[in-house]
Asker: 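Got a structure here, written out as structure tokens. Questions coming.
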Amino acid sequence: MRCANVGRIGVFLGALVLSAFALASAASAESIAFIVNAGNPASSMSPAELKRLYENDTVKWPDGKNIVLYDLPVKNDARKKVSTAVLGKEAEEVARDWANKKITNTAKNPPVVVSSGVLVQSRVAEDPGAIGYLPKGDVTSGKVRVIAVID
Amino acid sequence: MKKLFVACLAAVLMSIGAGPLHAEERKSADSIAERVSVIEAEREDLLDRLNKLVEVSGYVDGEFVMSDQAGKNNQFRLHHLSLFFKKQVTEQWRFFSEIEFEDAPFLEASDGVLDGGSDGKLFVEVMTIEYLYNPRLNAAMGRFLTPAGIWSIEHYPPFAATQERPLHIRNIFPQVTDGLQVNGAANLGDTVATYYLYAGNGEGNAGSGDNNEDKSMGARVKFKLPLLTKLELGLSGFSDTNSSDTEKIAYGADISAQWRNIRFQGEYALGDYDSAAGTDYQRSGYYGQFIYGLGNLDLIYRYDWYEPSDEADDDQKTVNTAAINYHFTPSVTGKVEHHFISPEDPSSEDYTKTIFTIAIYLGE
């Protein structure tokens with residue numbers, strides 16, 4: 001009886017571990033959508049163009065409007081994915097780079113870090129110059145437009 | 001006809017019955033909409049107030065230093081407490097300043113005379129008033145870090161690989177310039193070109209003025225190329241005549257590259273000194289620094305060489321550095337660095353220096 005119970009516990013723990021792994025894999029596998037305000041004329045952006053925005057190199061839209069960048073917290077899965085896929089660096093390293101730019105007064109347009117994709121979407125929906133990102137499945141507002149997807 | 005009458009009567013009765021209910025819901029919805037509108041307005045007002053505040057940040061670091069150099073003791077060092085103040089006054093005007101307290105300054109005076117026990121350094125390292133015209137053209141007036149090379153600007157302990165700077169840094173190009181700078185950046189296709197032009201009072205002058213009529217002038221250009229994870233190439237130049245009539249012209253080249261988790265940074269600088277007394281000499285130095293990143297751990301190696309004067313014998317020095325940085329968070333870094341210092345002078349012995357550091361960035 002005791003052996004059977006130990007066996008059941010083992011199966012349960014194994015299933016738990018596998019589920020956690022599957023969940024983590026699913027989270028990192030989720031596509032990330034970059035969104036702009038629906039009134040922004042930009043229809044699409046390449047990863048290289050996105051990189052220039054999030055690396056302090058491009059600060060204005062082609063029409064001269066200031067770009068307002070939104071970012072998610074360093075520990076956020078979407079942020080981690082964007083950092084490696086678009087910027088080629090770990091999210092923590094990108095955060096250090098921005099802090100270094102701020103401390104040297106060379107940060108021309110640092111991103112505004114907000115706590116969740118919900119806030120990213122609501123801010124971008126209100127601001128014609130804003131751009132941000134969040135899991136693609138969380139894009140629900142008709143006031144924003146998806147201009148790039150990171151798989 | 002009867003059916004029509006019944007339908008009309010039912011519609012009238014329903015509207016009469018629903019009337020008060022609709023009115024209540026409408027009143028509640030209007031009240032909620034008004035409250036939301038007030039909350040949004042309060043949020044805008046709060047953000048506006050926050051944006052008008054002076055932004056304060058900074059960094060702090062503490063060290064334990066061990067050295068086998070003759071006459072040096074192992075010691076704790078309260079190396080830096082630096083405060084940064086920044087205010088975006090308007091969209092075009094910005095103020096930025098760095099006040100540095102080095103080695104925990106102790107100053108005590110009585111009757112207007114400093115007591116002999118004063119120690120440490122209090123330094124206004126940066127103080128600029130900036131006009132941001134557009135990304136291609138901005139101006140800054142005040143004291144700024146001399147735009148020459150990489151380490152001159154990017155040297156802050158929470159983000160620099162080592163506490164010890166390469167030997168030639170601040171010995172060829174000056175640390176700071178009091179004057180006027182214009183700078184900007186432009187996209188040339190996929191390449192980003194950044195430039196700095198500046199003029200100032202020159203080296204060795206206090207913030208209150210210039211000891212001679214000659215003004216220092218300098219320039220830097222940097223190209224960020226769309227290659228690797230990051231590739232930046234820079235050139236710098238500087239000229240000045242000091243109050244002893246020694247003319248200096250300095251040149252520099254630098255590179256910063258990254259491919260995945262491997263980073264390389266290198267600089268070369270050459271100063272040409274032409275004194276009125278006829279003693280001409282050159283001063284030069286270079287370093288190459290590799291960083292291999294393993295998650296939050298950085299493994300670092302640097303080779304450093306410096307010659308204060310090509311006219312002097314045996315004054316060259318080389319330093320081999322091995323270091324480890326651990327980034328506890330993006331703002332907190334622990335470092336261990338070990339330097340093997342080798343003077344060329346045969347009468348000077350080689351020695352080592354080991355520094356253990358915790359450095360914290362106090363900003364956002």
Side-chain angles (χ1 to χ4, degrees), chain A residues 45-62 64-68 71 73-76 79-80 83-115 119 122-123 125-127 129, chain B residues 40 44 55 57-59 82 84 86 91 94-98 126 128 130 132 134-135 138 140 144-145 147 152-160 183-187 190-194 224 226 228-230 258-261 263 293 295-296 298 325 327-331 333 361-364:
Chain A
M45 289 188 86
S46 66
E49 288 169 318
L50 292 168
K51 186 177 181 184
R52 280 201 288 274
L53 262 61
Y54 279 88
E55 278 197 341
N56 204 44
D57 293 327
T58 301
V59 299
K60 286 189 186 286
W61 294 106
K65 231 186 234 78
N66 289 337
I67 295 172
V68 180
D71 223 339
V74 168
K75 299 286 185 194
N76 183 283
R79 166 102 183 236
K80 289 178 184 177
S83 294
T84 51
V86 175
L87 304 178
K89 301 176 186 177
E90 299 293 327
E92 288 81 0
E93 186 182 351
V94 176
R96 289 198 300 274
D97 287 348
W98 274 115
N100 193 27
K101 287 180 175 66
K102 288 178 188 176
I103 207 174
T104 54
N105 198 30
T106 55
K108 290 180 273 191
N109 192 31
V112 177
V113 180
V114 294
S115 56
L119 271 181
S122 72
R123 296 280 183 96
E126 288 173 32
D127 186 347
Chain B
E40 283 179 345
E44 289 295 322
E55 189 181 315
S57 66
Y59 72 90
S82 277
F84 293 79
K86 178 178 167 182
E91 194 173 333
R94 181 168 71 189
F95 164 75
F96 182 81
S97 174
E98 177 190 355
V126 179
T128 55
E130 299 169 83
L132 309 171
N134 69 35
N138 306 292
F144 44 87
L145 299 172
S152 175
I153 307 288
E154 297 181 30
H155 61 265
Y156 293 102
F159 311 110
N183 61 70
N187 293 335
D190 292 335
T191 296
V192 180
T194 306
K224 184 175 178 181
L228 308 177
T229 305
K230 170 185 155 184
Q258 180 170 357
W259 182 66
R260 295 186 182 175
N261 58 338
R263 280 171 272 163
N296 290 332
D298 286 340
N325 288 180
H327 304 285
F328 294 95
T329 78
S331 300
T333 297
Y361 171 58
L362 304 175
E364 190 186 1

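Numbers restart at 1 for each chain; the letters A, B, ... are given by sequence-line order, proteins then strands.
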Asker: Could you tell me which non-hydrogen atom of A:Ile103 sits nearest to which non-hydrogen atom of B:Phe84, and how far apart they are?
Answerer: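 Smallest interatomic distance, heavy atoms only, reads O-CE2, 3.2 Å.
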
Asker: Show the nearest heavy-atom pair for residues A:Lys60 and B:Pro135, with the distance to one decimal.
Answerer: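 So the two residues come closest at CE-CD, 3.7 Å.
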
Asker: Please list all pairs passing the salt bridge (charged side-chain N to carboxylate O under 4.0 Å, His left out) test where one or both residues lie in residues 94-114 of chain A, with sequence neighbours left out.
Answerer: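 Output for this query lists A:Lys89-A:Asp97.
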
Asker: When heavy-atom pairs shorter than 4.5 Å are enumerated against chain A, which of B:Asn187, B:Leu145, B:Val126, B:Thr128 gives the highest number?
Answerer: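 Ranked by heavy-atom pairs under 4.5 Å with chain A, first place is B:Asn187.
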
Asker: What are the two closest heavy atoms between B:Glu130 and A:Asn105, and how far apart are they?
Answerer: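 Distance-wise, the nearest heavy atoms are OE2-ND2, 3.0 Å.
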
Asker: Non-hydrogen atoms of chain A under 4.5 Å away: do they reach the side chain of B:Asp190, the backbone, both or neither?
Answerer: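 Both parts, backbone and side chain.
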
Asker: Output yes when A:Glu55 and B:Lys230 qualify as a salt bridge under the 4.0 Å nitrogen-oxygen rule, no when they do not.
Answerer: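 Looking at B:Lys230 together with A:Glu55, the answer is no, because their closest N to O distance does not fall below 4.0 Å.
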
Asker: Hey, mind stepping through B:Gln258 and A:Glu93 against side-chain contact (heavy atoms from CB on, under 4.5 Å) and telling me if it holds?
Answerer: CA-CA 12 Å; B:Gln258 180 170 357; A:Glu93 186 182 351; 3.0 Å; yes

Asker: Is it the side chain or the backbone of B:Phe144 that comes within 4.5 Å of chain A heavy atoms, both, or neither?
Answerer: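 The answer is neither part of B:Phe144.
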
Asker: Given heavy-atom pairs under 4.5 angstrom as the criterion, report whether the side chain, backbone, both or neither of A:Glu90 touches chain B.
Answerer: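 For A:Glu90, no heavy atom lies under 4.5 Å from chain B.
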
Asker: Is B:Glu44 atom CD crowded by more than 12 heavy atoms from other residues, nucleotides or ligands, each under 6.0 Å away?
Answerer: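 Atom CD in B:Glu44 is crowded, with more than 12 foreign heavy atoms closer than 6.0 Å.
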
Asker: Looking at B:Glu364, I want to see if its CD is surrounded by more than 12 non-hydrogen atoms of other residues, nucleotides or ligands under 6.0 Å.
Answerer: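 Atom CD in B:Glu364 is not packed in, count stays at 12 or less.
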
Asker: Counting only non-hydrogen atoms closer than 4.5 Å, does B:Thr229 touch chain A with its backbone (N, CA, C, O), its side chain (CB onward), both, or neither?
Answerer: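 Answer is both: backbone and side chain atoms of B:Thr229 are under 4.5 Å from chain A.
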
Asker: Quick one: which of A:Pro110, A:Ala95, A:Ala99 has the most heavy-atom pairs under 4.5 Å with chain B, could you say?
Answerer: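 Heavy-atom pairs under 4.5 Å are most numerous for A:Ala99.
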
Asker: Among B:Glu55, B:Lys224, B:Arg260, B:Lys86, single out the residue with the greatest number of heavy-atom pairs under 4.5 Å to chain A.
Answerer: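 Between B:Glu55, B:Lys224, B:Arg260, B:Lys86, the count favours B:Lys224.
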
Asker: Where does B:Leu132 contact chain A at under 4.5 Å (heavy atoms): side chain, backbone, both or neither?
Answerer: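 For B:Leu132, no heavy atom lies under 4.5 Å from chain A.
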
Asker: For the atom pair CD1 (B:Ile153) and CG (A:Asn100), what is the distance rounded to the nearest 0.5 Å?
Answerer: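 Those atoms lie 10.5 Å apart.
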
Asker: Working to the nearest 0.5 angstrom, can you tell me the gap between B:Tyr156 OH and A:Thr104 OG1?
Answerer: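 Those atoms lie 7.5 Å apart.
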
